Amino acid sequence: MTANTTASQRIAELRQQLAEASRAYHERDEQIIPDIDYDRLMRELQALEAAHPELDSTDSISHQVGGKPSSRFAEVTHAVPMLSLGNAFSDEEVRDFVRRIDERLRRPHLMFSAEPKLDGLAINLRYENGVFVQGATRGDGATGEDVSANLRQIKVIPHTLEGQGWPEVLEVRGEVYMPRADFERYNEHARLHGGKVLANPRNGAAGSLRQLDPKVSAQRPLSFYAYGLGEVRGGELPPTHSATLAQLARWGFPVSDLCQVVEGADGLLAYYRDIGERRDSLAFDIDGVVYKLDDREGQQEMGFVARAPRWAIAHKFPAQEQTTTVEAIEVQIGRTGAATPVARLKPVHVAGVVVTNATLHNADQIARLDVRVGDTVIVRRAGDVIPEVVSVIADRRPEGTQPWQMPHTCPVCGSEIVREEGEAVWRCSGELSCPAQRKESIAHFASRKAMDIDGLGDKYIETLVDAGIVRGVADLYALQRDQLLVLKLALDAADPEALASQLGLHLAPEGSGDTLNRVLKLDAGDAGWRAQSLSVPAGFQWNTKKIATKWADNLIAAIDSSRSTTLERLLFALGIEHVGESTAKALSQWFGDLELVRHLPWPLFKRVPDIGGEVARSIGHFMAQPGNQQAIDDLLARGVQINDQHAPNARLRGELTLATLLQDLEIPKVTPVRARQLAEAFPSVEAIRDESAHTFVTAGLPADTANALVAWLDVDANAALFSAAGAALQQLLVRTPEMQEQAAGPLDGQTVVLTGTLAQMNRDDAKARLEALGAKVAGSVSKKTSFVVAGSEAGSKLDKANELGVEVWDEARLLAFLADNGQAS
DNA sequence: GATCCTCGAGTTCA
DNA sequence: CTCGAGGATC
């Protein structure tokens, strides 16, 4: 095959792909390949055609601008063609652009008008004698569609011009777009009322403008910014682009206030960076910025190349969206057993990083998108960082794919995967017998906000667990330096036999695992393979320099220093379901000591604000497992110490009554009113326990309530819980004298939210200090928020605060306040 | 019973 | 950061 046939094949291929994409984009408002790919393919085609002029043809898509207009609307031939712009993707290309102008014009100060490039739909508005007469889409650049009726529905487009001095014929060009917030609101409404959900603001704008019924179009929240001119007759306009925009604004057109005049390539690049940083906080989507030589005389001198002016260029942001293929859909098991499907993607660059994984959240989301293995998908890194699959490109689905289904068994331990009634998540039922859950729970235990064991990364946890050295969190505190050294040696060893003989270890037979496992496992007969007691012989020759000893020493030291901890950290570290950072803190503050929390009957936990039945039961359930109690015993036996134990909070005192207890037990039919009645009629739990329904009725309870109570007490487990709770209540009340009064802080009862980056301290630090003054530090802004502390680059939370009229402090004010109240750094 | 608010849990990559 | 769901409140 000659080079030429290869090229001609490729050209044909490219032309077909591009034509297809172009048709979909312009006629059906669908994007079947992302812009970035389209641009890349177009460049490839142009390059090939330039290199092989004999294969070029005038009707190639590379010589057209956009697609053919659809036939539903009247055609409009533009008096002045609507051209597209050349693209720049790098600083270098921008400098080239400026250099070309500089070389031709030879002027001292090159001034440019820089503007955001809105991601919408370009249109041309025609005014004759100051009255709007026609509006058209760009179409293929030469002819577009008459969408005047729909454009008249857009409030910001003037029907008649304001002010005076406008030309007889004035054509204004600009972008119709849909503001993000309106797009969201519209979709929310559509979802609730079964309307058409829009894919993104750009498609929303395009689709809306091309509705045949202007009434439908009127419902869509469209807006407009002017950025240029078409035909102008019978009038003078200012000599620069920037002054023209100002003039357009005076005539009543919306002009973006982000437009700026800057000088030279450096000015352009600074503008680009500035807008790039503000991109996410803008009210609309942009896909780059546009630079135009400001003075019109210079523009004329520069002229045009085939499809674009030489005096303007679009500087695009790195693609936020990319296509790639789904190589597999795997299931990850989290600490709680939650089974999360994750798409393994063919690696692809998106917005500066290589993305290989994207969460698919849960089975419902997969079903909604209908993502299948082998699919080509569009991946996005939205405003935040986390990649997500936006949509599947249906046309590129290979034959014979099946809809994805949640597996029935756990990929790690083989246990059944089940879904609770009414819940969205599927869970592996293996609990701690599932290695994945065990590893995750150990990782959680060691994490920064829990026991904070530095240096114990996922990899090491994995090997420690696989090797059987660590089976539960308490085993971490029994780790020996030698075990870690051998572990590291085995991980790096090329020759297991040699290593084993050097260390004097018995080696598991080949095929019983990788090098590491063969070194670590010892034949224990029928019991299977077990970790052997590992040690490095005295005088062992380390054959590589300083191998691993540093790491092992550091880890042992980190584990050691984590022994001294707080109740809050330990409770959080245990990984009790529904007990996160803040619930752990509440438990620690209200009850003060571990023994109390370990043995308290669950209904009493409900006395703590923000703990309800679900959370209370979960704590009780955790503490009722012998294995968990054993683990706590082991931790304490191996030197874990809680340094902040104290007496229960005195505020509990008023809460601990027979009436509240009766409510908290969740006895059927026993409402708060009935609970109070019972508490008044009977002095204690013991007095109620063995009574008959008749006695309760005599005491004033309705018969059905009395019967329900007796029936409930008749169940042994309930009776036991009842007695235990009564005893615990008494015990706590007996401790009344030692209960702690909480010191009143200046921020008592206030809720504070931190946002943005603080320069002088980190977030956790600021949080701790505010809490020391009595404040509650919350994660989201609501009308109950007392004030918001905004650091630099504050985002949505600051907006929300402004929206709700919540007071906002800057960092200086916070620092001053902290200093005034004895919490200076 | 509905609504608002907060917490927990899960996730990516340099 | 976002979603889902638990808790508090009316």
Side-chain angles (χ1 to χ4, degrees), chain A residues 184 188 191 280-281 320 330-345 347-365 368 379-389 419-428 436-437 440-441 443-444 447 449-450 457-458 571-587 605-619 622 663-664 666 672 751-756 763 767 776-786 793-800 804 806:
Chain A
E184 300 294 343
E188 182 126 343
R191 265 192 289 274
D280 292 334
S281 57
Q320 300 270 24
E330 285 172 12
V331 170
Q332 275 179 3
I333 306 296
R335 170 166 67 89
T336 60
T340 313
V342 176
R344 302 278 170 227
L345 306 169
V348 65
H349 278 273
V350 186
V353 298
V354 179
V355 170
T356 51
N357 300 318
T359 174
L360 294 165
H361 267 94
N362 54 44
D364 291 349
Q365 164 125 16
R368 194 163 57 240
V379 180
R380 165 170 66 193
R381 263 174 48 127
D384 53 332
V385 215
I386 297 168
E388 59 174 355
V389 172
R419 166 142 78 167
E420 291 269 322
E421 191 102 11
E423 287 220 320
V425 294
W426 291 77
R427 286 178 204 282
C428 159
Q437 292 187 51
E440 291 296 325
S441 67
H444 169 75
S447 68
K449 290 185 166 173
D458 292 352
L571 286 174
F572 176 55
L574 291 174
I576 304 164
E577 214 182 333
H578 295 129
V579 177
E581 220 186 323
S582 103
T583 308
K585 170 173 270 163
L587 287 169
F605 289 117
K606 286 169 63 177
R607 289 299 96 210
V608 177
D610 296 328
I611 294 183
E614 201 69 28
V615 179
R617 246 189 304 270
S618 165
I619 303 167
F622 181 92
Q663 275 175 53
D664 291 345
E666 298 175 7
T751 307
V752 182
V753 175
L754 299 170
T755 182
R763 216 173 244 245
K767 186 176 169 187
K776 190 168 166 202
V777 179
S780 62
V781 180
S782 71
K783 61 183 178 203
K784 286 207 229 158
T785 308
S786 314
E793 285 162 60
S796 59
K797 283 190 257 186
L798 180 56
D799 299 343
K800 184 93 184 274
L804 294 171
V806 172

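Excluded from the calculations below are hydrogen atoms, water molecules and symmetry mates; all remaining heavy atoms, backbone and side chain alike, are included. In this text, all values refer to a predicted model and were calculated from it rather than measured experimentally.
Take A/Arg617 and apply the side chain to side chain donor-acceptor pair (under 3.5 Å) test, not counting sequence neighbours, and it matches A/Glu666. Residues passing the side chain to side chain donor-acceptor pair (under 3.5 Å) test with A/Arg419: none are found, sequence neighbours excluded.
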The contact string for nucleotides 4-11 of chain B, one letter per nucleotide 5' to 3', using protein heavy atoms under 4.0 Å with B, S and - for base, sugar-phosphate only and none, comes out as -SBSSSSB
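Between A/Ala443 and A/Asp458, the shortest heavy-atom distance links the atoms CB-OD1, 4.1 Å.
Following rounding to the nearest Å, A/Glu388 (CD) and B/dC13 (C1') show an atom-to-atom distance of 16 Å.
Salt bridge A/Asp610/A/Lys585: absent, no basic N to carboxylate O contact under 4.0 Å.
Only one option out of A/Val331, A/Ile333, A/Thr359 pairs with A/Thr340 in a side-chain contact (heavy atoms from CB on, under 4.5 Å); it is A/Thr359.
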